[in-house]
Chemist: 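Please see the structure below; I have some questions.
All ligand and atom numbering here is 1-based and tracks the order in the structure. Here the structure is a predicted model, which means the values were calculated and not measured.
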Amino acid sequence: MSLKRKSSIFKTVKFRIALLYALLFAISSIALFLAVYYFLYVGMMKNVDEKLMVISRQLEDYYLKGERYEESDLVSAANREVPDKIVSAVRNSVKNLNILRYEEITNGNFTGYEFIGISDGIIYEIRIDAQGKIIEIEKHQKYDAAVLEKGFITESHFEGEKKIYFLLVSKNGEILAKSDLRHWPGIPSEKNIVSDARKSGSFRTMNVSGLHGKTRVCDRLIYDGNILEIGIRLSGEEKILKTFSSIFLSVFIASLVISSATGWLVARKSMAGVNRISEAAISIGKGDFSSRVSSGKEGEEIENLVTAFNEMISKTELLIRELQEVTDNIAHDLRTPLTRIRGTIETTVNSSPDIDDYLEMSGDVVEECDRLIGMINTMLEITRAESGMLDFSKDIVDMNEVARAAFDLFTPMAEMKNIEFKLNISPQHVTVLGDINHLQRVVANLLDNAIKYTPEKGRIIMSVSSDGSCAGIIVSDTGCGISETDLKNIFDRFFRCDTSRSEPGNGLGLSLAQSIVKAHGGAIAVESKVGAGSSFKVSLPVQAS
Ligand code: ADP
């Protein structure tokens, strides 16, 4: 494939659609990935934080009481309201008691609460039943870092020393107790002094120096102002996220390739119709008007385009054919009078003419020229009327009046041929909107033809009628009639039936009449039988006067 071909592919609609398709896919996939990754991460961190909170709570028990509770004995009631009478009974049991925390306890038959508080540097553990009766009060040393450290070691052993570490840090950053930190080279560090530690625990994710991967740390402020710090490695969670990312990446790459290829194929299929139209247009451009675009299965829009294109080409072909015919006819019809003019002049000049011969010749030439000018003007008028360029005035025209005037005008001609000529006008007003001069020409044309093509002693009837919405002007005669094959062509420019060649005319009268009637929103129709006569009907929309 040449470079030119390659660069033209980048400009194609197919390529652009495929690229757009791939881009949209990539953007939506990445957005989906980020959303899933975020929720997965947040969900896992929530689990880790809950676990850290549970452990830190247990360790706080060690610290406060110097012994460990059995987990099953404890039901956290941190968020539940304790009845006021219980709280005041506990407060009254020890002077100046500052309640640090409490647990709701259900143990066998016993249901009640266990409060831990501090007074005068002594930790009190108070058991009270649900009715507010003090069951037991135990005293502990305020601070028991040694017991806590034992708890650190037990817990870290249980979880894995590489996985978790524990520290008890004073406000000044002094390490008061710690778990086995052999596997935590970066701990303790200056990061262990946390100013915003809360009782409910504050959480952060950090990189511990010397270790690969991240560590989640919980800092919990305990009652004496010291901070209990627990760090847990996120290797499991990171592994899940890494696996998820690599699976996503593989699926993403595969889907991107597939979606781009699909986009390309879909676009290629849709564009196939357009290509067929381009090919047909090129071949038409070379002069082959018989070319048509075959229909495919690219979808409705392309099919509509193909149909519209084919219709347009059919009409263009017809117009060009008509144009050719008209040109041929014009050439033919101009040649005859011109030849006649030439012949007249030649004959006169070659016959030792005197002044009278010249005068006669001039008269003949003027007559022929007038006929020619009349023909050219009529052709121009037809073309203008058909293309909508002719300026018709829009007046209310009384068709009864138009018919009567035409009747008066053509009666002498009919009488000369001994033709019976009748007029039936409508008893009511028949008015249309239009150009009176042109409508008069239509009627005159029909009457002129009727008289021309009706033999002596024949009959012509002109009638005007209206059905309220449509005005009808009918001119019927008992003339020679028109054959069925000729009937299809009589409105074509320059068409004349063979039988009428002996009569004067140029075959433009009915074309002009039809173009005028159509421009007025009407129609012209004909019924005829050879030997029996013809009937021309002009229909025009009625306009109330
Ligand atoms: P022309 O100048 O030849 O009359 P038109 O366009 O008016 O041209 O008419 C076209 C042809 O239709 C005529 O040549 C004639 O053959 C035929 N025609 C028109 N009117 C009649 C008629 N009333 N009776 C028979 N033939 C007619």
Chemist: Could you list the residues that satisfy ring pair (Phe, Tyr, Trp, His ring centres under 6.0 Å) with Phe407, not counting sequence neighbours?
Modeler: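 Ring pair (Phe, Tyr, Trp, His ring centres under 6.0 Å) check on Phe407 returns Phe421.
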Chemist: Which ligand 1 atoms are under 4.0 Å away from a heavy-atom of Asn445?
Modeler: 7 (O)
Chemist: Does ligand 1 have an atom under 4.0 Å from some heavy atom of Ser534?
Modeler: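 Under 4.0 Å: yes for Ser534.
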Chemist: If I apply the N/O under 3.5 Å rule, does Gly509 come out as touching ligand 1?
Modeler: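 Between Gly509 and ligand 1 (N or O atoms, distance only) the closest approach is under 3.5 Å.
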Chemist: Taking the six-membered ring where the residue is Trp, are the ring centres of Phe244 and Phe33 under 6.0 Å apart?
Modeler: yes
Chemist: Answer side chain, backbone, both or neither: which part of Lys452 comes under 4.0 Å from ligand 1, heavy atoms only.
Modeler: side chain
Chemist: Does only the side chain of Leu508 get under 4.0 Å from ligand 1, or the backbone, or both, or neither? Count heavy atoms.
Modeler: backbone
Chemist: Answer side chain, backbone, both or neither: which part of Ile482 comes under 4.0 Å from ligand 1, heavy atoms only.
Modeler: side chain
Chemist: Mind checking whether Ile490 has an N or O less than 3.5 Å away from an N or O of ligand 1?
Modeler: no
Chemist: State the atoms of ligand 1, each with its element, that fall below the 4.0 Å cut-off from a heavy-atom position in Gly505.
Modeler: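 So the atoms of ligand 1 that pass are 2 (O).
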Chemist: Using distance alone, determine whether Ser511 and ligand 1 share an N or O pair under 3.5 Å.
Modeler: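 No: no nitrogen or oxygen of Ser511 is under 3.5 Å from one in ligand 1.
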Chemist: Should Glu279 and Arg276 be marked as a salt bridge (charged side-chain N to carboxylate O under 4.0 Å, His left out) after you check the CA-CA gap, both sets of side-chain angles, and the distance that decides it?
Modeler: CA-CA 5 Å; Glu279 279 160 21; Arg276 287 205 312 281; over 6 Å; no
Chemist: List every atom of ligand 1 that sits less than 4.0 Å from any heavy atom of Phe495, numbering the atoms from 1 in the order shown and giving each element.
Modeler: 10 (C), 11 (C)
Chemist: Using ring pair (Phe, Tyr, Trp, His ring centres under 6.0 Å) as the criterion, list what pairs up with Phe410, not counting sequence neighbours.
Modeler: none
Chemist: Numbering the atoms of ligand 1 from 1, which are under 4.0 Å from a heavy atom of Gly507?
Modeler: 1 (P), 2 (O), 3 (O), 6 (O), 8 (O)
Chemist: So which of Asn506, Asn449, Thr454, Leu487 gets nearest to atom 19 (C) of ligand 1, if we judge by its closest heavy atom?
Modeler: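 Nearest heavy atom to atom 19 (C) of ligand 1 lies in Asn449.
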Chemist: Quick check on Lys537: does its NZ atom have over 12 non-hydrogen neighbours (other residues, nucleotides or ligands) under 6.0 Å away?
Modeler: no
Chemist: Checking contacts here: is it the side chain or the backbone of Phe536 that comes within 4.0 Å of ligand 1, counting heavy atoms only? Could be both or neither.
Modeler: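 The side chain, only.
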Chemist: Show, in sequence, the C-alpha distance, side-chain angles and deciding distance for Arg233 and Thr215, and conclude whether the side-chain hydrogen bond (donor to acceptor under 3.5 Å, both in side chains) test is met.
Modeler: CA-CA 4 Å; Arg233 287 189 69 176; Thr215 300; 5.0 Å; no
Chemist: Between Cys480 and ligand 1, does any nitrogen or oxygen pair lie at a separation below 3.5 Å?
Modeler: no
Chemist: Once rounded to the nearest 0.5 Å, what's the spacing between atom CE of Met271 and atom CD1 of Ile302?
Modeler: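 One gets 5.5 Å once the value is rounded to the nearest 0.5 Å.
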Chemist: Just distances here: any N/O of Pro504 and N/O of ligand 1 closer than 3.5 Å?
Modeler: no
Chemist: Salt bridge check, Arg216 against Asp49: does any charged N sit closer than 4.0 Å to a carboxylate O?
Modeler: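 Yes, Asp49 and Arg216 are salt-bridged.
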